[in-house]
Amino acid sequence: MSKPSPNDRIAVLRAELERHNRLYYIDATPEISDHQYDQKMADLMALEQAHPELDRPDSPSHKVGGAPIDGFATIPHRLPMLSIDNTYDPTQVREFDVRLRKLVPLTVIEYAVEPKIDGVAISLTYENGVFTRGLTRGDGDKGDDVTANLRTVRDLPLRLMCDSPPALVEVRGEIYMRRDDFAKLNNERQAEGLEKFANPRNSTAGSLKLLDPAQCSKRRLRLFVYGFGTLEGIDFVTHMEALEQFGKWGLPVNSHIRLATGIDEVLALISEWDERRASLHYDTDGLVIKLNDLASRQKAGFTSKSPRWTVAYKFAAEQAVTLLKSIDIQVGKTGALTPVANLEPVQLSGTTVSRASLHNADFIAEKDIRVGDMVVVEKAGEIIPYISRAEHERRTGTEMPFVFPTACPVCGSVVARDVDGAVWRCQGRECVAVLKRRLRAFGARAAMDVEGLGEEMVEQLVDSGLVKHLPDLYRLRAEQLEALDRMGETSARNLLAGVEASKGRGLARLLAGLGIRHVGETVAEVLAGAFCDLATLMAADEGALSSVEGIGPERAASLAAWLRDTDNQKILQDFQDLGLKVSAEGPKRAPVGAMAGKTFVVTGTLQRFDRLGIERIIKDLGGKVSGSVSKKTDFVLAGENAGSKLEKAQQLGVRVISEAEFVDLAGL
Ligand code: IVH
């Protein structure tokens with residue numbers, strides 16, 4: 001048999017990858033591991049690179065992002081993207097139904113009731129079944145061409161699954177980010193010293209505007225489709241029929257969309273959803289109610305800005321209005337000055353909020369937020385409260401504009417603005433606030449994991465002057481600690497034992513703990529893997545750093561600058577002299593026993609371990625941790641309130657173990 005041609009091999013790989021994409025993102029029943037998927041993708045990309053003439057815009061390889069682009073062209077929509085009227089209570093929804101029944105000859109109307117996804121509206125063009133263009137809503141008449149970024153959205157099919165596709169289909173939908181992916185993104189950003197996004201919608205909008213699709217690909221954006229614009233070569237009678245067809249083509253349609261007969265059924269769904277939405281993986285801000293029959297939609301027509309056949313019901317917002325009493329400046333471990341609002345305590349979705357983030361100096365200036373203002377507090381993806389705006393109309397004239405400090409409020413050093421962002425940083429070398437944050441970060445579990453180095457201890461060590469630089473931690477003596485006020489013998493002993501134990505963590509975790517901008521846990525591992533020991537890393541210049549895969553020019557520059565700094569060099573030298581392990585691997589236990597080579601999925605709440613801790617134990621024992629259950633999973637470790645992953649494991653016959661069984665198995 002002759003060897004298959006590159007063309008054939010490419011075709012097979014594309015078909016396989018498309019299938020696995022669908023299984024993973026749409027059906028949620030993956031059949032292969034992430035690693036196997038990546039391998040196939042790498043094979044395809046290598047073949048496409050060797051045979052550029054065989055590249056096609058709908059190849060799944062575009063999911064990992066093509067070349068960076070210069071900007072976004074503004075392009076008119078074939079049909080305008082209108083907005084919808086909002087309603088806020090059941091009476092207004094009934095009024096909508098009464099109005100509509102006067103316009104269409106139906107006594108009882110069938111409505112589609114859909115979750116209103118809190119993301120970014122998008123219009124996608126498929127020509128002869130191939131995805132050719134995607135535009136943001138823009139001003140409704142014309143939007144930005146974000147095609148290159150949209151190609152990286154994992155559940156957006158680059159080709160419709162259909163033998164004879166219509167000439168033109170324009171689908172409308174929403175790009176969004178799941179709450180768990182949003183939290184992950186923000187954790188990564190925090191670890192790397194980058195500013196956090198306020199909520200999943202903002203991070204979705206920001207991601208779509210990235211100029212580098214490869215970066216966008218990492219943001220784990222997703223899609224729901226819920227409507228259409230221009231159609232050629234196909235027609236639908238009802239909205240639900242259109243959605244069903246979209247689903248068959250492989251487009252993701254929200255599974256919670258229901259057909260209601262008459263407005264009473266709509267109202268019943270509304271009251272059900274007010275609570276249910278909390279259990280979704282993504283944010284919703286209401287329900288959209290749409291006339292199902294498309295011919296009747298024509299009869300209903302439009303106002304100047306919105307169709308008369310649809311209305312949005314907005315959930316009571318998770319917002320509260322309260323007094324902004326004062327603004328504090330917090331100094332972070334990278335010296336970043338963050339304004340934090342002190343509020344008159346207020347109830348917000350079940351908790352009392354008295355402090356909230358004000359993001360940065362630009363935000364305060366742009367929104368003209370003053371001390372003494374009544375401000376609107378919101379919860380971002382139900383995580384951290386933040387202030388969204390001030391109610392300017394309620395001003396009395398006594399409000400005071402906030403003057404952002406020009407000196408660090410803690411050490412008095414000058415502050416300077418990042419060249420590449422809105423963040424102001426303390427430039428002081430000896431800032432106590434920075435040192436405290438650094439010490440906390442250094443001792444954190446993901447870094448050097450120093451037991452006994454809690455917040456209180458850090459305060460004491462720094463305030464007493466015992467620790468002026470990170471290496472001083474390793475110079476502490478029992479009698480010094482015991483001489484401190486409020487310091488018990490046990491805490492002193494614990495700390496010293498914790499400090500001693502941390503010496504052997506290895507280069508990656510040491511680097512992760514240093515609070516270098518753009519160097520979080522993952523990047524630290526990459527660096528340690530590439531340079532193996534501290535001396536080699538210290539000798540590396542910007543070129544050598546940026547030649548490492550995963551270290552872009554921005555990171556390389558910031559890291560090189562950090563390494564060139566003589567104070568930092570002294571710190572690193574001190575660590576080495578004080579006996580810390582500065583070579584690559586940490587002390588791993590030999591991978592023996594029941595965990596070696598096994599794949600684990602952890603789900604639900606555990607009693608004894610947090611996520612990071614359990615993952616580290618599994619890895620230390622030679623096992624792997626995966627985020628999703630498939631036939632390849634060896635164990636699902638299920639804690640309390642385990643949900644869909646547990647169900648999936650049971651369906652697939654994967655072995656489920658309790659926390660106690662895990663402890664036994666691991667010999668802990
Ligand atoms: S229908 C003309 N359906 O809500 C009607 N919109 O203010 C077109 N949205 O801009 C929109 N989920 O970004 C529709 N299931 C859904 C939706 C939805 C979210 C957004 C969309 C639109 C805004 C309406």
Side-chain angles (χ1 to χ4, degrees), residues 182 185-187 189-199 201-203 205-206 318-346 348 351-392 394-396 398-428 431-438 440-441 455 459 515 517:
F182 168 73
L185 173 66
N186 260 356
N187 284 341
R189 289 177 72 84
Q190 186 170 37
E192 296 181 8
L194 300 171
E195 228 178 300
K196 293 214 235 175
F197 285 112
N199 54 41
R201 176 168 31 82
N202 284 4
S203 63
E318 293 176 18
Q319 284 188 344
V321 178
T322 189
L323 173 70
L324 171 59
K325 295 197 296 192
S326 62
I327 298 176
D328 286 343
I329 296 287
Q330 264 182 8
V331 185
K333 69 174 190 287
T334 57
L337 271 53
T338 308
V340 178
N342 290 313
L343 305 168
E344 186 62 42
V346 64
L348 184 59
T351 55
T352 308
V353 177
S354 52
R355 280 167 76 78
S357 170
L358 278 162
H359 307 299
N360 54 48
D362 285 359
F363 179 80
I364 298 177
E366 270 161 29
K367 299 264 167 170
D368 182 19
I369 294 172
R370 303 183 185 178
V371 174
D373 268 338
M374 293 305 286
V375 289
V376 178
V377 199
E378 297 186 30
K379 274 210 174 169
E382 284 140 62
I383 314 169
I384 323 145
Y386 66 97
I387 289 185
S388 56
R389 64 187 170 84
E391 299 204 317
H392 293 152
R394 291 175 66 170
R395 283 208 174 133
T396 59
T398 55
E399 298 76 14
M400 297 289 292
F402 180 66
V403 184
F404 207 82
T406 50
C408 171
V410 178
C411 72
S413 304
V414 289
V415 299
R417 190 186 166 109
D418 281 0
V419 276
D420 55 354
V423 179
W424 289 82
R425 280 176 216 279
C426 167
Q427 303 297 305
C431 180
V432 176
V434 176
L435 179 61
K436 285 179 181 169
R437 293 286 179 136
R438 279 214 175 134
R440 290 278 288 161
E455 189 165 356
E459 292 286 319
R517 270 191 83 199

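The model shown is predicted, which means the values in this text are computed figures rather than measured ones.
- Residues satisfying the ring-ring contact (aromatic ring centres under 6.0 Å, His included) test with F363, not counting sequence neighbours, are H359.
- Residues passing the salt bridge (Lys or Arg N to Asp or Glu O under 4.0 Å) test with K436 are E459, D463, sequence neighbours excluded.
- Rounding to the nearest 0.5 angstrom, the gap separating the SG atom in C431 from the CZ atom in R425 is 13.0 Å.
- Annotation for V331 and A433: closest pair CB-CB, 3.8 Å, computed over non-hydrogen atoms.
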Discussion item. Please determine whether side chain to side chain contact (heavy atoms under 4.5 Å, CB included) holds for the pair Q319 and E378, giving the CA-CA distance in whole Å, both sets of side-chain angles, and the decisive distance to 0.1 Å.
Written reply: CA-CA 5 Å; Q319 284 188 344; E378 297 186 30; 2.8 Å; yes

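- You'll find the side chain of M374 reaches within 4.5 Å of the side chain of L323, heavy atoms only.
- Scored by the salt bridge (Lys or Arg N to Asp or Glu O under 4.0 Å) test, D362 finds R417 as partners (sequence neighbours excluded).
- Two residues are said to be in side-chain contact when any heavy atoms from C-beta on lie closer than 4.5 Å; T406 and V414 fail this criterion.
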Fill in: Derivation and outcome, side chain to side chain contact (heavy atoms under 4.5 Å, CB included), residues I369 and V375
CA-CA 8 Å; I369 294 172; V375 289; 4.2 Å; yes

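- Side-chain contact between H392 and D368 is present, with at least one heavy-atom pair separated by less than 4.5 Å.
- With respect to D373 and R389, no salt bridge is recorded, no charged nitrogen being found less than 4.0 Å from a carboxylate O.
- Between the side chains of Q427 and S413, no donor N or O sits under 3.5 Å from an acceptor N or O.
- Residues V340 and L358 have side chains not in contact (no heavy-atom distance under 4.5 Å, counting atoms from C-beta outward).
- To the nearest 0.5 angstrom, N186 atom CG is 10.0 Å from L194 atom CG.
- Considering CH2 of W424 and SG of C408, their distance stands at 13.5 Å, rounded to 0.5 Å.
- The shortest heavy-atom contact between G335 and V434 is CA-CG2, 3.8 Å.
- Taking CZ of R517 as the reference point, atom CD of E192 lies at 11.0 Å (rounded to 0.5 Å).
- Listed here is the closest heavy atom pair of I329 and F402: CD1-CZ, 3.9 Å.
- With a 4.5 Å cut-off on side-chain heavy atoms, Q190 and L185 do not count as touching.
- You'll find the side chain of R394 stays beyond 4.5 Å of the side chain of E399, heavy atoms only.
- Using a 4.5 Å heavy-atom threshold, the side chains of P345 and V353 count as separate.
- Side-chain atoms of C426 and L337, non-hydrogen and from C-beta on, do get closer than 4.5 Å to each other.
- With values rounded to the nearest 0.5 angstrom, S388 atom OG is found 6.5 Å from K367 atom NZ.
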Worksheet item: Yes or no on side chain to side chain contact (heavy atoms under 4.5 Å, CB included) for R355 and N342, after CA distance, side-chain angles and deciding distance?
Response: CA-CA 5 Å; R355 280 167 76 78; N342 290 313; 2.7 Å; yes

Worksheet item: Can V377 and T322 be said to form a side chain to side chain contact (heavy atoms under 4.5 Å, CB included), step by step?
Response: CA-CA 7 Å; V377 199; T322 189; 3.8 Å; yes

